[in-house]
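Below is one structure; the comments refer to it alone.
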4 protein chains.
Amino acid sequence: MNQRKNSGGATAAPVRRQGTAKRAATAGSASERRDHLVKLAAELFARKGFQATTVRQIADEAGILSGSLYHHFDSKETIVDEVLRTFLEDLTARYRAVLETAGDARTALTEMVRIGFGTLEPHRAAITVMQNDWNYLRSLPGDRFGYLVKAEDEVERMWVEQIKRGQAEGLFRADLDPKLTYRMIRDTIWVAVRWFRPGGRLNTTALAEHYITVLFDGLATGDRTSHGA
Amino acid sequence: MNQRKNSGGATAAPVRRQGTAKRAATAGSASERRDHLVKLAAELFARKGFQATTVRQIADEAGILSGSLYHHFDSKETIVDEVLRTFLEDLTARYRAVLETAGDARTALTEMVRIGFGTLEPHRAAITVMQNDWNYLRSLPGDRFGYLVKAEDEVERMWVEQIKRGQAEGLFRADLDPKLTYRMIRDTIWVAVRWFRPGGRLNTTALAEHYITVLFDGLATGDRTSHGA
Amino acid sequence: MNQRKNSGGATAAPVRRQGTAKRAATAGSASERRDHLVKLAAELFARKGFQATTVRQIADEAGILSGSLYHHFDSKETIVDEVLRTFLEDLTARYRAVLETAGDARTALTEMVRIGFGTLEPHRAAITVMQNDWNYLRSLPGDRFGYLVKAEDEVERMWVEQIKRGQAEGLFRADLDPKLTYRMIRDTIWVAVRWFRPGGRLNTTALAEHYITVLFDGLATGDRTSHGA
Amino acid sequence: MNQRKNSGGATAAPVRRQGTAKRAATAGSASERRDHLVKLAAELFARKGFQATTVRQIADEAGILSGSLYHHFDSKETIVDEVLRTFLEDLTARYRAVLETAGDARTALTEMVRIGFGTLEPHRAAITVMQNDWNYLRSLPGDRFGYLVKAEDEVERMWVEQIKRGQAEGLFRADLDPKLTYRMIRDTIWVAVRWFRPGGRLNTTALAEHYITVLFDGLATGDRTSHGA
DNA sequence: TATGAATGAGGGTTCATTCAT
DNA sequence: AATGAATGAACCCTCATTCAT
């Protein structure tokens, strides 16, 4: 279950009983099989929600019986855990990388926005799950998903730091609440997962640039007059 | 505003075992009782999610048995339906009112943002449900919640119209995608429901003004230099 | 579920859908229904063991669906809990009653033996479960059945006390280990449940008198010569 | 006595992952390996019950995977079969040996009691299983464990014979039911397995002598007065 | 308008067993 | 003689819903 068994080579796709369902070419090491299952599950979780997805559906998708899933995972929760953890690890790693080499605060923030939108496509399923089921998963007993909160806190710290730095450097308006600003940026990026579809009119790069423009310079054209009540 | 207590009639407050729950003064007309139940349910849906909330929990909260709920509602879906419908009707009504008397596009948009944030408190539960369970509800068979999509479309039309008008008037950058811009604004407002807590450091008015500032004029201070890669 | 609802009178056995199975006349109060179910379950537990008995079998026996059992009980464990608790409460109550009015130690012990055998018939199922499944139930997590151990300790104390008193009074051999002696007596009585069948050659009274004879005066006839190695 | 370790051959102690468990020296002939597995399983069966013990647990204990057990045994039942059969064969053999050379009935019975207690330690696991799971195993379809009943019958015959002989010889009370008496003796001995722990205050020899005293001469001191109701 | 007992479908999970490798 | 992936049946339990009272 957890030792890489072979591999390297053509692995001569073994003849395997087909079960009832599709089951696309699933040769490869044990951990590859596991990853494959996680991917299938993530897709379902994203489409229908964690709770509404049954382990039987996941198993069907993989062409095995529901009980067989438990050869690979302890529980349904373990699967979604793996989905989210993978995403969060990738995300925080990318943030850290950017921050090590970042120039001024605006550049850093710009890069971070790009990273955010950049995950939209490769991690679409995970982000969707996080958006929709975060509330539920966090409420589960046993602090099973406590790391979610921790990871989020770390990310928040990174963003807020840059915003504050930008204010100190005179690059960003001093009258803004850093934490609040971070939240708005974060939400704007992630919620896009709800309507963003790859292959549509705009790709995630365009999305990012669009948002960067609005974020830094606003909707308005040059003339800064007061409006509203 | 939400607890017309009696109504002047014989209603002879029925002796009732109290069950385990609070259940404040529950006399009154049938429709008031119904509204009360909807409110309790909305709170639970918001806190735990629609699926994770059982009809038994709703009934408990109301101090009755789960079967008794079915004297008021056809199904669990009917309840959430009422929750969402009420919210959407209020929201669209407010938008229409503003648009009838609005001045230039920027003023109109400003007001719309204020309306958005303004619903955060009174409709917190409904918005939360919409954020978290929209995906699931929409996927239910029978087009039970098709009106959600319709309402959303109407709202989108209103916003996009104002954005385009603003661009035409030269108030907003011409290089922005109106639909995309709308979505970002919308999301930023609604998702706030996830972390906004009444009584905290900032009230919804402050939130609105904060966002209006960033939205129109951006994060950056005056010097519009190019940044990023 | 837990309030006595009516009763007293002929209760006009309500017409009720028959489900799929037998279901003997089950009129009466809610708690009577519950008791009935417990009795059915106890019988099955005794016959096949707690683990080997499925909730479906219990429900079948009652003529309802397995899920319906959960209207009356929280879990399968709750049912066996009720089986054992009822027995233990009856048993300890009887012991206490005897001990309050007992004469010398031998009389007390005699009565206790009679009580023991006397429970064999009315509590046959419960005793059988206790004999066969004690080990398993005790090992369940959460100290769900800790009271079993407590009740057993109390009973042990009562017996040992009488044995010691008998020794002090010069009625019982002084060279016997009281605790050990108790255990042997206890086991001899309870295990009889394994082979005792009501209506057989001997009833429980005869069993008791038989055992009392051997217990106090031994197998041997008068001549107390030493034997064995 | 139970671990002829090698056997003089190349056996080239196979490199084997150690799993999570102990697994002392496991080289040796196939039948030794098998015996070892049976012993591990017996221990688990005794501790947790036959049904509650999973084949996975047995395999874990042996440091192999559950599927691998099926190279040694046809089924889980086969394992417990072996556990019980071994015990019963040893037991009846010992009884037979004693009976061939026995003197009077009292001596014979004394020796049989000693044998009984004498198996408590070496066959603790098997006896425990027999006590707790007999009921279940006997109920399994296919008469798989019919030999259990047969062996028990044979043992009963041996005991009852001696008791009757003792009565005929005038050594035992004539008013006792031989079969009933046998059962009580048997039960008293075997159930001791539930609380007997090697290394405790009393060893099995002391237990036996204690019981022999009570059995033949009773609890009471010399004065045979009538008691009870 | 409520109760309370029941339905019936389905949920996640367990587990002895099989079998290609 | 072992692995590891899978089976398939069954298990306990949940829950929206129904309905006679």
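Everything quoted here is computed from the prediction, not taken from an experiment.
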Next on the checklist: Can you measure A:D60 atom CG to F:dA6 atom P for me and round it to whole angstrom units?
Outcome noted: 14 Å
Atom pairs under 3.5 Å: protein N/O with N/O of nucleotides 14-17 of chain E:
from   : atom 1 : to    : atom 2 : distance (Å)
E:dA16 : OP1    : D:K76 : NZ     : 3.3
E:dA16 : OP2    : D:V55 : N      : 2.8
E:dT17 : OP2    : D:Y70 : OH     : 2.6
E:dT17 : OP2    : D:K76 : N      : 2.9
E:dT17 : O5'    : D:Y70 : OH     : 3.3

Item to check | Length of the CG-P vector between D:L65 and E:dT21, whole Å | outcome: 18 Å
Checklist entry - Roughly how many Å is it from CG in C:L140 to P in F:dC12, rounded to a whole number? => result 13 Å
Checklist outcome for this item: C:I64 CD1 to F:dT18 C1', in whole Å, measures 16 Å
Checklist entry - Separation of B:Y136 atom OH from F:dA16 atom C1', in whole Å? => result 11 Å
Checklist entry - D:H36 versus D:L40: any side-chain heavy-atom pair under 4.5 Å? => result yes
Item to check | Side-chain heavy atoms of C:D133 within contact of C:V80, under 4.5 Å | outcome: no
Item to check | Atom pair CG (A:L140) and CZ (A:R138), whose distance is rounded to the nearest 0.5 Å | outcome: 10.5 Å
Next on the checklist: Can you measure B:L69 atom CG to F:dT18 atom C1' for me and round it to whole angstrom units?
Outcome noted: 14 Å
Checklist entry - Under the side chain to side chain contact (heavy atoms under 4.5 Å, CB included) test, which residues partner A:T54, sequence neighbours left out? => result A:R56, A:Q57
Next on the checklist: Applying side-chain contact (heavy atoms from CB on, under 4.5 Å) to A:N132 and A:F50, what does each step give before you reach the verdict?
Outcome noted: CA-CA 8 Å; A:N132 295 328; A:F50 174 72; over 6 Å; no
Item to check | Partners passing side chain to side chain contact (heavy atoms under 4.5 Å, CB included) against B:V38 (at least two apart in sequence or in another chain) | outcome: B:F73, B:E82, B:V83
Item to check | Partners passing side-chain hydrogen bond (donor to acceptor under 3.5 Å, both in side chains) against D:Q51 (at least two apart in sequence or in another chain) | outcome: none
Item to check | Distance below 4.0 Å between A:H72 side-chain N/O and F:dG4 OP1 or OP2 | outcome: no
Checklist entry - Within this structure, what is the CD-to-C1' distance between B:E32 and E:dT1, rounded to whole angstrom? => result 16 Å
Next on the checklist: Would you say A:R34 places a side-chain N or O within less than 4.0 Å of OP1 or OP2 belonging to F:dG4?
Outcome noted: no
Next on the checklist: If I take atom OH from residue C:Y70 and atom CD1 from residue C:I79, how far apart are they, to the nearest 0.5 angstrom?
Outcome noted: 7.0 Å
Next on the checklist: With a 4.0 Å limit, can you tell me whether A:H71 has a side-chain N or O closer than that to the phosphate oxygens OP1/OP2 of F:dA6?
Outcome noted: no
Next on the checklist: Going by the rule salt bridge (Lys or Arg N to Asp or Glu O under 4.0 Å), which residues pair with D:R144 if we only count those two or more places apart in sequence or in a different chain?
Outcome noted: D:E77, D:D81
Next on the checklist: Rounded to whole Å, please give me the gap between CG in A:D81 and C1' in E:dG12.
Outcome noted: 17 Å
Checklist entry - With pairs taken as Watson-Crick or G-U wobble and both distances under 3.5 angstrom, which stems of at least three consecutive pairs involve DNA chain E? => result E:2-21 with F:2-21
